Structures are given as C-alpha cells and as structure tokens.
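First comes the structure, then the notes that go with it.
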Amino acid sequence: MAQPAPSTQAHPVETEPSSPIRAGLRPGPWRRGPVVAASALALGLFMPLHSKIPNRIGNVGSLVETFLPWFGLFVPVLLALAVWRRSAAAVVALLLPVVVWLSLFGGQLRDKSHPGGDLTVASHNVGAGNPDPTGTARDLAASGADVLALVELDPQVVGTYENGLANAYPFHTVQGTVGLWSKLPLSDTQPVDIKMDAGPLGDARTADDKLPYNRALRTTVATPQGPLAVYVAHLGSARVNPRGGFSTGSRDRNARALAEALAAEQNTRVVLLGDLNGTLDDRVFDDITARMVSAQDVAGDGFGFTWPARFPVVRIDHILVNGVQPESSWSLPATGSDHLPVAARISW
C-alpha cells in the first residue's frame with residue numbers, strides 16, 4: 001500500500017524579536033531603578049533637614065540626630081542596588097546624599113589638631129559599676145591633664161579616686177556625683193542646679209537635700225593666663241524603649257537648665273566638661289552650642305566616639321569651650337568604665 005506523500009506545506013515558525021527590537025522594549029538606563037533613585041534623593045534631603053523631623057511622637061527627631069552620621073552607610077547600600085539595577089539615574093541621584101554627608105561630616109575625616117596649648121583638660125564618666133576604680137584613677141593620674149573632671153562618682157568609691165589622684169592633683173572638689181581634680185587652685189565652687197527633680201517636688205527641696213545626687217558643678221580655675229570658669233555636668237540618661245520611644249525627658253530638662261546657667265556666666269573664658277548623654281547634633285543642645293564650640297569638632301581627629309567603650313558608636317562625652325581656643329582633642333585609652341575618657345589641649 002502506497003504511503004502518503006509527505007506534506008510540503010510550510011508551517012509558520014514563531015521567532016523572537018530581533019535584538020534591536022528587544023533592546024527597544026527594555027527600559028533605558030535612565031528609566032531603571034526609580035525606587036532606588038527616589039530613595040537616594042530622599043536620603044539627600046533627609047540629612048540636612050533632620051531638625052524638621054518632629055519630636056512629638058517618641059522623640060524620633062532626637063533619635064535620628066543621635067545617629068545622624070551613620071545614615072551615610074545607606075549610600076553604599078543604595079549604590080550596590082543602583083549597580084545591580086544598572087540604573088544610571090540612581091547613580092546620579094546618589095551624588096546628592098554624598099555631597100550632603102560630606103558637607104555635614106566631611107570635616108571629621110581629617111586631623112584638625114595643632115601643636116601647643118596652655119592647658120590640658122580631660123573628662124571621664126568613670127561608671128558607677130566600674131570594677132576597677134583604683135586602676136582607673138591610676139590611668140587618669142598618668143594622663144597628664146591639668147584639669148580632670150569625673151562624673152558618675154559612686155559615693156562608696158569617691159575615697160578611692162581621692163586617694164588615687166591626690167599626688168597628681170593637689171586641688172579637688174566633689175559635689176554630689178560629679179567632681180573636678182586640678183593641678184591649679186580652685187575657687188568659687190558651687191553645685192549647679194540642673195533640675196534633676198521637676199516641678200513642685202524639686203522646688204521644695206533645699207540645696208542640702210539635693211547635694212547627694214547633684215550632677216553638675218561650677219568652679220574657677222586659677223590659670224597663669226587668668227581665671228577660667230569650668231563646668232562639670234552629667235545630664236540625665238536617654239533610653240530607647242518600645243512604648244516610650246526615645247525617652248529623654250530628664251536629659252532635656254537638665255540641658256535647658258545647664259544652658260541657662262551658662263548664659264548667666266560672667267567669665268568670658270568657659271569650659272564645659274562631662275557626659276551630656278547626647279550628641280551635639282541633637283536639637284536639645286542648640287542653646288549650649290550657640291555659645292560654645294566642641295573641642296573635637298574644632299581640633300579633633302575623626303568623630304571621637306566615646307560610648308560604648310568596647311565599640312564606640314556615638315560621642316556623648318564632650319569638651320566644649322568659649323573664649324579659649326582648642327588646639328587638639330582626643331580620646332584616652334579605655335578604663336574599667338563603659339565610656340572612653342576624652343581630653344583636649346586649649347590655649348588663650
């Protein structure tokens with residue numbers, strides 16, 4: 001039986017569009033990655049406008065300002081996404097946050113210190129739970145500072161610091177939980193009321209009642225160049241918790257009271273030493289930074305982060321000055337505290 005002849009009818013064959021057609025259907029490099037590009041622009045606007053972030057809910061604005069330099073880490077993340085998306089628009093958009101970050105913090109990337117100086121000042125939150133106050137006192141005595149402020153002094157170990165620092169510092173004062181040790185004479189020493197107790201309760205307490213837990217003092221150091229007003233302060237703690245957000249009520253109240261005391265200071269040469277429990281980008285310190293400058297910002301090398309001591313991520317321990325010139329600023333080696341000590345060399 002004869003086999004049917006094979007059909008010679010041609011069947012249509014589906015073909016993919018040619019390469020030029022496929023290329024025309026794909027978004028170009030300027031149209032890819034719109035989300036990444038928008039995120040880059042948002043970051044570039046977010047950093048300089050941080051003061052506009054409201055504090056009404058959970059003090060979000062202050063929380064952002066506390067870690068503001070770290071927002072620069074989003075730049076390499078967005079750059080990696082832009083490269084992955086092959087988005088030229090996103091890469092160009094990233095120029096904005098780079099320029100903004102450098103304008104805000106680029107100065108911290110270089111060493112601004114100068115040789116010389118008339119006086120070395122230092123400050124350390126020694127930590128109430130410090131397991132080695134004797135060793136801490138020994139390290140601080142060897143620091144070479146002319147004026148040394150200590151905060152978070154547990155009454156049970158004040159004697160340890162007094163004994164350990166006596167040979168290096170013939171003059172000292174302790175007012176509650178803060179103290180100052182000096183190689184130069186002190187005078188006009190008094191506690192500074194930074195409103196540890198709010199409202200009628202605080203107003204009803206006498207100075208003697210407040211002294212045991214006083215957290216700020218003011219004294220005059222007799223330097224060869226003239227009198228120097230020195231403030232030592234340890235502001236209230238700031239905490240992050242799920243319900244309250246960034247809790248800063250006590251610290252903010254203390255900061256405002258300290259700003260008032262500094263505004264009333266008659267001496268034109270002033271140094272503020274201590275743990276402010278916040279970075280100077282935080283808006284609560286605007287009244288202080290309006291009249292004083294950070295020694296680290298003016299004459300330091302790097303960001304000078306001080307807490308936590310094992311892996312510092314923020315600078316909450318500060319040396320601020322007015323009427324004198326910072327020549328250098330640096331962090332001292334870690335002690336038994338969870339804070340790093342800080343020091344600065346100043347001149348007239």
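Just so we're clear, the structure is a prediction, and the values are computed from it rather than from any experiment.
Here the straight-line distance linking atom OG1 of Thr220 with atom CG of Leu186 works out to 8.5 Å at 0.5 Å rounding. To the nearest 0.5 Å, atom CG of residue Leu96 and atom CG of residue Leu43 are 8.0 Å apart. To the nearest 0.5 angstrom, His234 atom NE2 is 8.5 Å from Met196 atom CE. Taking CG from Leu258 and CG from Leu272, the interatomic distance works out to 5.5 Å, rounded to the nearest 0.5 Å. Taking OG of Ser337 as the start and CG of Leu150 as the end, the distance is 10.0 Å to the nearest 0.5 Å. Distance check, rounded to the nearest 0.5 Å: OG1 of Thr177 to CG of Leu211 gives 9.5 Å.
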> Do Glu327 and Ile346 pass the side-chain contact (heavy atoms from CB on, under 4.5 Å) test, and can you show the C-alpha distance, the side-chain angles, and the key distance before you say yes or no?
Replying inline: CA-CA 5 Å; Glu327 301 294 350; Ile346 61 176; over 6 Å; no
>> Would Leu276 and Ile316 count as a side-chain contact (heavy atoms from CB on, under 4.5 Å) here? Give the steps.
In response: CA-CA 6 Å; Leu276 303 186; Ile316 60 176; over 6 Å; no
>> Evaluate Val35 against Ser39 for side-chain contact (heavy atoms from CB on, under 4.5 Å), listing each step before the verdict.
In response: CA-CA 6 Å; Val35 174; Ser39 299; 4.2 Å; yes
>> Show, in sequence, the C-alpha distance, side-chain angles and deciding distance for Thr223 and Leu119, and conclude whether the side-chain contact (heavy atoms from CB on, under 4.5 Å) test is met.
In response: CA-CA 8 Å; Thr223 76; Leu119 193 75; 4.2 Å; yes
>> Between Ser329 and Gln296, does the side-chain hydrogen bond (donor to acceptor under 3.5 Å, both in side chains) criterion hold? Intermediate values first, please.
In response: CA-CA 5 Å; Ser329 181; Gln296 181 67 24; 3.1 Å; yes
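When all heavy atoms of Ala37 and Ala93 are compared, the closest pair comes out as O-CB, 3.7 Å. Annotation for Ala264 and Gln266: closest pair O-NE2, 3.1 Å, computed over non-hydrogen atoms. Minimum heavy-atom separation, Pro131 to Gly336: CD-O, 3.4 Å. Here the closest heavy-atom approach between residue Asn267 and residue Ala229 is recorded as ND2-N, 3.7 Å. Here the closest heavy-atom approach between residue Ala137 and residue Gly164 is recorded as CB-CA, 4.1 Å. Closest heavy-atom contact between Ser250 and Gly236: OG-CA, 3.8 Å.
Residues Asp188 and Thr219 have side chains not in contact (no heavy-atom distance under 4.5 Å, counting atoms from C-beta outward). In this structure the side chain of Leu332 never reaches within 4.5 angstrom of the side chain of Leu340, judged on heavy atoms. Taking 4.5 Å as the limit, some side-chain heavy atom of Leu79 sits within range of a side-chain heavy atom of Val83. Using a 4.5 Å heavy-atom threshold, the side chains of Phe105 and Asp281 count as touching. Between Phe46 and Ile53, some side-chain heavy-atom pair lies under the 4.5 Å cut-off. Counting only heavy atoms from C-beta outward, the side chains of Met292 and Val270 approach each other to under 4.5 Å. In this structure, the side chains of Val151 and Val232 come closer than 4.5 Å at one or more pairs of heavy atoms. The shortest side-chain heavy-atom distance between Val126 and Tyr161 falls under the 4.5 Å cut-off.
Around CH2 of Trp307, the count of heavy atoms belonging to other residues, nucleotides or ligands within 6.0 Å does not exceed 12. Counting heavy-atom neighbours within 6.0 Å of Asn167 CG, excluding the residue itself, gives a total of 12 or less. The local environment of CZ in Phe71 is crowded, with over 12 non-hydrogen atoms from other residues, nucleotides or ligands closer than 6.0 Å. Enclosure of atom CD1 in Ile57 is not indicated, since only 12 or fewer non-hydrogen atoms of other residues, nucleotides or ligands lie within 6.0 angstrom. Annotation: Trp348, atom CH2; neighbour count of heavy atoms from other residues, nucleotides and ligands within 6.0 Å is above 12.
Hydrophobic clustering of Ile, Leu, Val, Met, Phe, Trp and Tyr side chains at less than 4.5 Å, counting indirect connections, unites Ile319 with Val324. Note on Val192 and Val174: separate hydrophobic clusters, where clusters join Ile, Leu, Val, Met, Phe, Trp and Tyr whose side-chain heavy atoms are under 4.5 Å apart, directly or indirectly. Put simply, Val321 and Leu148 are part of two different groups of oily side chains (I, L, V, M, F, W, Y) that touch within less than 4.5 Å, one to the next. Note on Trp330 and Val293: separate hydrophobic clusters, where clusters join Ile, Leu, Val, Met, Phe, Trp and Tyr whose side-chain heavy atoms are under 4.5 Å apart, directly or indirectly. A continuous path of ILVMFWY side-chain contacts below 4.5 Å connects Phe171 to Leu228, so both sit in one hydrophobic cluster.
Side-chain atoms of Lys112 come within 3.5 Å of backbone atoms of Gly107 as a donor-acceptor pair (strictly under, hydrogens ignored). With hydrogens and angles disregarded, no donor-acceptor distance shorter than 3.5 Å links the side chain of Arg85 to the backbone of Arg32. In this structure, Asn59 contributes its side chain and Phe246 its backbone to a donor-acceptor pair below 3.5 Å. In this structure, the side chain of Asp338 does not engage the main chain of Ala309 through any donor-acceptor pair within 3.5 Å. In this structure a side-chain-to-backbone donor-acceptor pair under 3.5 Å is present from Arg269 to Gln225. Between the side chain of Arg218 and the backbone N or O of Tyr231 there is no donor-acceptor pair closer than 3.5 Å. Formation of a donor-acceptor pair under 3.5 Å by the Gln108 side chain with backbone atoms of Gly300 is not found in this model. With hydrogens and angles disregarded, a donor-acceptor distance shorter than 3.5 Å links the side chain of His318 to the backbone of Gly278. Side chain of Ser182 to backbone of Pro185: no donor-acceptor contact under 3.5 angstrom is found. No donor-acceptor pair under 3.5 Å is formed between the side chain of Ser294 and the backbone N or O of Leu320.
Between the side chains of Gln175 and Thr173, at least one donor N or O lies within less than 3.5 Å of an accepting N or O. Side-chain contact annotation: Gln325 with Ser347, donor-acceptor N/O pair under 3.5 Å absent. Side-chain contact, Ser113 with Ser328: no donor N or O sits under 3.5 Å from an acceptor N or O. Using a 3.5 Å distance cut-off with no hydrogens or angles, the side chains of Asp197 and Tyr213 do pair a donor with an acceptor. Donor-acceptor pairing under 3.5 Å is recorded for the side chains of Asn130 and Thr136. Donor-acceptor pairing under 3.5 Å is lacking for the side chains of Thr335 and Asp139.
Listed by first and then second residue, the side-chain hydrogen bond (donor to acceptor under 3.5 Å, both in side chains) pairs involving residues 61-83 are His50-Glu65, Asn55-Ser62, Ser62-Asp282, Glu65-Arg283 (not counting sequence neighbours).
Classification of Glu152 and Arg215 as a salt-bridged pair fails, no side-chain N sitting under 4.0 Å from a carboxylate O. Remark: Asp146 engages Arg345 in a salt bridge, criterion side-chain N to carboxylate O under 4.0 Å.
Using the six-membered ring where Trp is involved, His172 and Trp181 have ring planes that are parallel, under 30° apart on the 30 and 60° scheme. Under the 30°/60° scheme for interplanar angles, the aromatic rings of Phe303 and Phe305 are found to lie parallel.
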